[in-house]
Participant: 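For reference, the structure I am asking about is given below.
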There are 2 protein chains.
Amino acid sequence: MSPLDRYKDLKALLKKKGFSLTKPRQNVFDLLQNQGPQTTQVLIKRAEGQIDRATVYRTLELFERLGIVHRLNIGWKYKYELSDIFLAHHHHFYCSNCGKSYDLSANAMLETMINSLASKEGYSPRGHQLEIYGLCPACQGQLT
Amino acid sequence: MSPLDRYKDLKALLKKKGFSLTKPRQNVFDLLQNQGPQTTQVLIKRAEGQIDRATVYRTLELFERLGIVHRLNIGWKYKYELSDIFLAHHHHFYCSNCGKSYDLSANAMLETMINSLASKEGYSPRGHQLEIYGLCPACQGQLT
DNA sequence: TAATATTTTGCAAATTTGTCGCAATTTGCT
DNA sequence: AGCAAATTGCGACAAATTTGCAAAATATTA
């Protein structure tokens with residue numbers, strides 16, 4: 001994907017709501033690319049010297065309001081990751097032993113059941129977040 | 001349930017790992033009883049005059065490490081609730097409009113699918129957390 | 001049960017995290 | 001390029017969380 005294309009959807013999304021794609025916003029977006037879910041502290045540290053702390057916070061808040069990122073409670077701290085618009089919808093597996101988190105691909109049947117669980121009770125679901133925790137393959141062996 | 005029984009499982013769980021059931025720990029446990037998921041700040045405020053702030057933090061951290069409580073990312077802030085050992089397993093619905101959260105009862109079929117999603121990939125699941133978000137009945141009507 | 005060892009707590013201080021106002025800069029538009 | 005609006009960085013704050021340590025509570029041993 002060329003650099004231009006890379007920001008196309010992001011820019012469109014921002015523009016639609018009257019916001020612009022600035023350098024700091026591009027940077028934060030880049031930091032979220034291909035790195036998995038990350039804590040705010042890590043993002044701030046990685047942006048050090050480039051973007052101010054306050055701007056990172058403001059950008060993440062804006063991105064969340066616009067549905068560009070998702071905030072999830074994985075393991076001990078909460079983390080941000082790009083939302084389903086930029087990443088295929090998926091769930092997470094968190095290893096309680098080593099603390100790593102892994103992606104689990106979504107499954108149409110499961111999604112349907114989740115939605116019907118909510119709509120059956122009168123709620124109107126827009127999305128969801130599923131975290132499974134336990135032991136990853138490496139840690140299963142290790143704890144014989 | 002008599003007061004003695006009430007703390008039996010808690011005490012056993014702590015003891016097994018070499019910790020003791022102290023007054024402050026009982027208090028925090030009580031605060032989590034029958035009140036739904038709560039933020040740290042609310043717990044600290046409710047414990048005011050009884051337990052020190054630092055102790056509340058330390059207790060919640062310990063409880064989470066031992067699997068006594070669960071930390072969930074519900075709406076904007078994260079909240080604590082008793083884990084499945086003390087509460088029937090359930091999921092949450094969070095209304096993005098009014099910010100309230102509701103319990104959704106668990107469903108055996110869904111639980112099975114969730115577990116197999118993880119085990120199919122070689123992970124060994126111990127539990128999970130599902131948050132569905134969207135609009136609650138009241139807010140659906142309101143936003144005509 | 002009394003004495004001793006260990007764990008846990010409260011307190012105060014330090015650190016970290018997150019927020020806010022405002023002047024300077026950047027961006028969008030013509 | 002030039003103007004208007006949006007955005008950023010820079011303190012300065014306020015709130016949240018962590019830490020060290022002496023005192024208190026709890027467990028252990030005899």
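Just so it is clear: chains get the letters A, B, ... in the order the sequence lines come, proteins before strands, and each one is counted from 1. None of the values given here were measured: they were computed from a predicted structure.
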Participant: Any side-chain donor paired with an acceptor under 3.5 Å for B/His70 and A/Tyr133?
Facilitator: yes
Participant: Can you tell me how far P of C/dT7 sits from CG of B/Leu62, to the nearest Å?
Facilitator: 13 Å
Participant: Is B/Arg58 side chain donor-acceptor paired with the C/dG10 base, going by distance under 3.5 Å alone?
Facilitator: yes
Participant: Which is more 5' along DNA chain D, the nucleotide nearest A/Val56 or the one nearest B/Lys11? Just name the residue.
Facilitator: A/Val56
Participant: Report the residue (B/Thr22 or A/Asp52) whose heavy-atom-nearest nucleotide on DNA chain D is the more 5′ of the two.
Facilitator: A/Asp52
Participant: What integer distance in Å separates A/Glu61:CD from C/dT17:C1'?
Facilitator: 15 Å
Participant: Would you say a side-chain N or O of B/Gln41 is under 4.0 Å from OP1 or OP2 of D/dA15?
Facilitator: no
Participant: When you check the side-chain N and O atoms of B/His92 and A/His128, is any donor under 3.5 Å from an acceptor?
Facilitator: no
Participant: Once you round it to whole Å, what is the distance between C1' of D/dA16 and CD of B/Glu48?
Facilitator: 14 Å
Participant: With a 4.0 Å limit, can you tell me whether B/Tyr57 has a side-chain N or O closer than that to the phosphate oxygens OP1/OP2 of D/dT18?
Facilitator: no
Participant: Between B/Ser20 and C/dT8, is there a side-chain N or O to OP1/OP2 distance below 4.0 Å?
Facilitator: yes
Participant: Could you check B/Leu72, B/Val42, B/Val69 and say which one makes a side-chain contact (heavy atoms from CB on, under 4.5 Å) with B/Pro37?
Facilitator: B/Leu72
Participant: Regarding B/Arg25, tell me which of base, sugar-phosphate or nothing describes its non-hydrogen contacts under 4.0 Å with the strands shown.
Facilitator: sugar-phosphate
Participant: May I ask you to verify whether the side chain of B/Arg53 and the base of C/dG10 hold a donor-acceptor pair under 3.5 Å?
Facilitator: no
Participant: Going by the rule salt bridge (charged side-chain N to carboxylate O under 4.0 Å, His left out), which residues pair with A/Arg65 if we only count those two or more places apart in sequence or in a different chain?
Facilitator: A/Glu61
Participant: Between A/Leu21 (CG) and C/dG28 (P), how many Å, whole number?
Facilitator: 8 Å
Participant: What does A/Ile44 touch in the nucleic acid at a heavy-atom separation under 4.0 angstrom: a base, only the sugar-phosphate, or nothing?
Facilitator: nothing
